[in-house]
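This report concerns only the one structure given below.
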Protein chains: 2
Amino acid sequence: MPTVSSEELAAAAGVNSAKLRKDFSYLGSYGTRGVGYDVEYLVYQISRELGLTQDWPVVIVGIGNLGAALANYGGFASRGFRVAALIDADPAMAGKPVAGMPVQHTDDLESIIEENGVSIGVIATPAGAAQQVCDRLVAAGVTSILNFAPTVLSVPDGVDVRKVDLSIELQILAFHEQRKAGEEAAGEPGTVLQAPKETGKGPDGDVPAVMPA
Amino acid sequence: MPTVSSEELAAAAGVNSAKLRKDFSYLGSYGTRGVGYDVEYLVYQISRELGLTQDWPVVIVGIGNLGAALANYGGFASRGFRVAALIDADPAMAGKPVAGMPVQHTDDLESIIEENGVSIGVIATPAGAAQQVCDRLVAAGVTSILNFAPTVLSVPDGVDVRKVDLSIELQILAFHEQRKAGEEAAGEPGTVLQAPKETGKGPDGDVPAVMPA
DNA sequence: GAATGTGAATTTCTTCACAGCG
DNA sequence: CGCTGTGAAGAAATTCACATTC
């Protein structure tokens, strides 16, 4: 399929075709009137815009189950991420291979970051260690942190943190599940709210806004 | 701190206080004019609305590194989730304790779900097994699925799926990182876009919309 | 006096609809 | 003729501002 129309893409994504065209237009005029978008060219332009064409070395700190799962996760490489090092505070872990890579000790954190030009760090340590690891990462030059530890990290200005809370997604499912259960018993005391407005045919299913009664 | 004002909460959350009050008002009138919101009561009302006061038994299918990490994740219990069973297709895993709980074999998936009244399933299997596991979960009565496998699952109407892609968060960080790097060299060829508009003082830092030039 | 709850004003986002180009 | 790109219209979300209540 060499080209694709905004109509087709919009249908696949479950959004309005005008919105899709307008969004694309913010990236530039990459379509051809009367024809559509050249798939390969479009993919390249979007990839470039998102930073997928760059090489991003990352370090993963805390090689427990989650750290190991992340190290083994195939999705990273295909998006331009390269796991530059696995770091753990446990001396017993040092040298052990995880995902075909020897685990290194926290002592070498600073030098590893500098040598590899790492600007993105992933924290998969227990909650208690997270802030300390974070501080060291930042001091060593890391400016973006993905935090899996159940703590809120404080960082200086200019450093981005994203926190991944694995239970939030479950939370959202449970919220919908609760609504499904409540549908049979509408008007029940305590059921103050209406069902969420379905935003569209989108397969997305985001968190619905709670609507006024 | 027995009560809190919308102003304080809004400042803490980095949003406008009127928005916060309006949002709360959709849940009911839980505040007191001239005083604010009773913290304990508010927490209870929000918890109830979100379904935190219910007990949600979940099963985790696929006990590799990620499945084990999820099983050990402390955040679930505090939000009303109870890991009812860990299930894996590998017979060698059966009976092994993970997070203080014996792993059970996929053969028993249906009976486990029925016996525990499970309506939420977590899939942490390799991509190849995910759809099959999903089909069995759905057939057994599961109506919400959290999918960590890098596959798009197809499910019948009435079943909710949420897909967690661990690389998307990294993606977002890399996107910002790219922007930071681009700031020094503004006007560079290829730098078509403006910097994202900062939405507010929110500590949130969501994905910025790309703005028209 | 202090802070909620909410209509009205404002801003932002989405969709329409069509001129313009290949 | 078909489909993009985009002003203008319409819808939705956010903020203002104040009457109301404790």
Side-chain angles (χ1 to χ4, degrees), chain A residues 1-46 48-49 192-213, chain B residues 1-46 48-49 192-213:
Chain A
M1 197 175 196
T3 69
V4 66
S5 71
S6 63
E7 207 68 64
E8 292 169 294
L9 283 175
V15 300
N16 183 292
S17 68
K19 179 164 176 14
L20 190 135
R21 287 199 300 281
K22 185 152 279 186
D23 284 0
F24 278 7
S25 77
Y26 295 147
L27 304 176
S29 286
Y30 298 142
T32 308
R33 291 168 194 234
V35 179
Y37 298 91
D38 181 86
V39 172
E40 196 181 353
Y41 185 54
L42 184 63
V43 166
Y44 169 71
Q45 289 297 345
I46 293 176
R48 187 181 51 73
E49 193 60 53
V192 192
L193 302 171
Q194 298 189 335
K197 188 198 57 177
E198 281 302 325
T199 325
K201 334 71 261 254
D204 206 84
D206 228 350
V207 202
V210 168
M211 301 304 288
Chain B
M1 197 177 198
T3 68
V4 67
S5 71
S6 62
E7 208 68 64
E8 292 169 295
L9 284 175
V15 300
N16 182 292
S17 68
K19 179 167 178 11
L20 192 136
R21 288 199 300 281
K22 185 151 281 188
D23 285 359
F24 279 6
S25 77
Y26 294 147
L27 304 176
S29 286
Y30 298 141
T32 308
R33 289 168 195 234
V35 179
Y37 299 90
D38 180 87
V39 173
E40 196 181 352
Y41 185 54
L42 183 63
V43 166
Y44 169 72
Q45 290 297 344
I46 294 176
R48 187 180 53 73
E49 193 59 54
V192 192
L193 302 171
Q194 298 189 335
K197 189 197 54 177
E198 280 303 324
T199 324
K201 338 65 265 255
D204 205 85
D206 227 352
V207 201
V210 168
M211 301 305 287

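A, B, ... follow the sequence lines: proteins, then strands. Residue 1 opens every chain. For the numbers below, each heavy atom of this structure counts, side chains included, while hydrogens, waters and symmetry mates do not.
- Separating the CG atom of B:Asp23 from the P atom of C:dT4 is a distance of 14 Å, rounded to the nearest angstrom.
- Computed from coordinates, the A:Phe24 CZ to D:dC3 C1' distance equals 14 Å when rounded to whole Å.
- In this entry the distance linking CG of A:Leu20 with P of C:dC13 reads 17 Å, nearest Å.
- Donor-acceptor pairing under 3.5 Å, judged by distance alone, is present between the side chain of B:Arg21 and the base of C:dG5.
- One finds the NZ atom of A:Lys19 at 13.0 Å from the OG atom of A:Ser6 (value rounded to the nearest 0.5 Å).
- As a whole-Å value, the separation of B:Asp38 CG from C:dT4 P is 13 Å.
- Distance B:Tyr41 OH to C:dT4 C1': 15 Å, rounded to the nearest Å.
- Protein atom CD of B:Glu7 is 14 Å distant from nucleotide atom C1' of C:dG5, rounded to whole Å.
- Note: B:Leu20 CG to B:Tyr37 OH = 6.5 Å, rounded to the nearest 0.5 Å.
- Atom pair B:Tyr26:OH and C:dT6:P shows a separation of 10 Å (rounding to whole Å applied).
- A donor and an acceptor atom never sit less than 3.5 Å apart when one is taken from the side chain of B:Arg33 and the other from the base of D:dT21.
- When heavy atoms are screened at a 4.0 angstrom cut-off, B:Tyr37 is found touching the sugar-phosphate backbone but no base atom.
- Between B:Ser29 and C:dG5, a side-chain N or O to OP1/OP2 separation shorter than 4.0 Å is present.
- Between the side chains of B:Tyr44 and B:Glu40, no donor N or O sits under 3.5 Å from an acceptor N or O.
- Side-chain nitrogen and oxygen atoms of B:Lys19 include at least one within less than 4.0 Å of the OP1 or OP2 phosphate oxygen of D:dT14.
- Between B:Ser6 and A:Gly34, the residue anchored nearer the 5' end of DNA chain C, judged by the nucleotide with its closest heavy atom, is B:Ser6.
- A distance of 5.5 Å separates CG of A:Leu9 from CZ of A:Phe24, quoted to the nearest 0.5 Å.
- A straight line from OH of B:Tyr30 to P of C:dT6 spans 13 Å, rounded to a whole angstrom.
- Summarising the geometry of B:Glu49 relative to B:Leu27, their closest heavy-atom pair is CG-CD2, 3.5 Å, with the distance given to 0.1 Å.
- Scanning atom types as modelled, one donor and one acceptor separated by under 3.5 angstrom connect the side chain of B:Lys22 and the base of D:dT15.
- The side chain of A:Thr32 places no N or O atom within less than 4.0 Å of a non-bridging phosphate oxygen (OP1 or OP2) of D:dT4.
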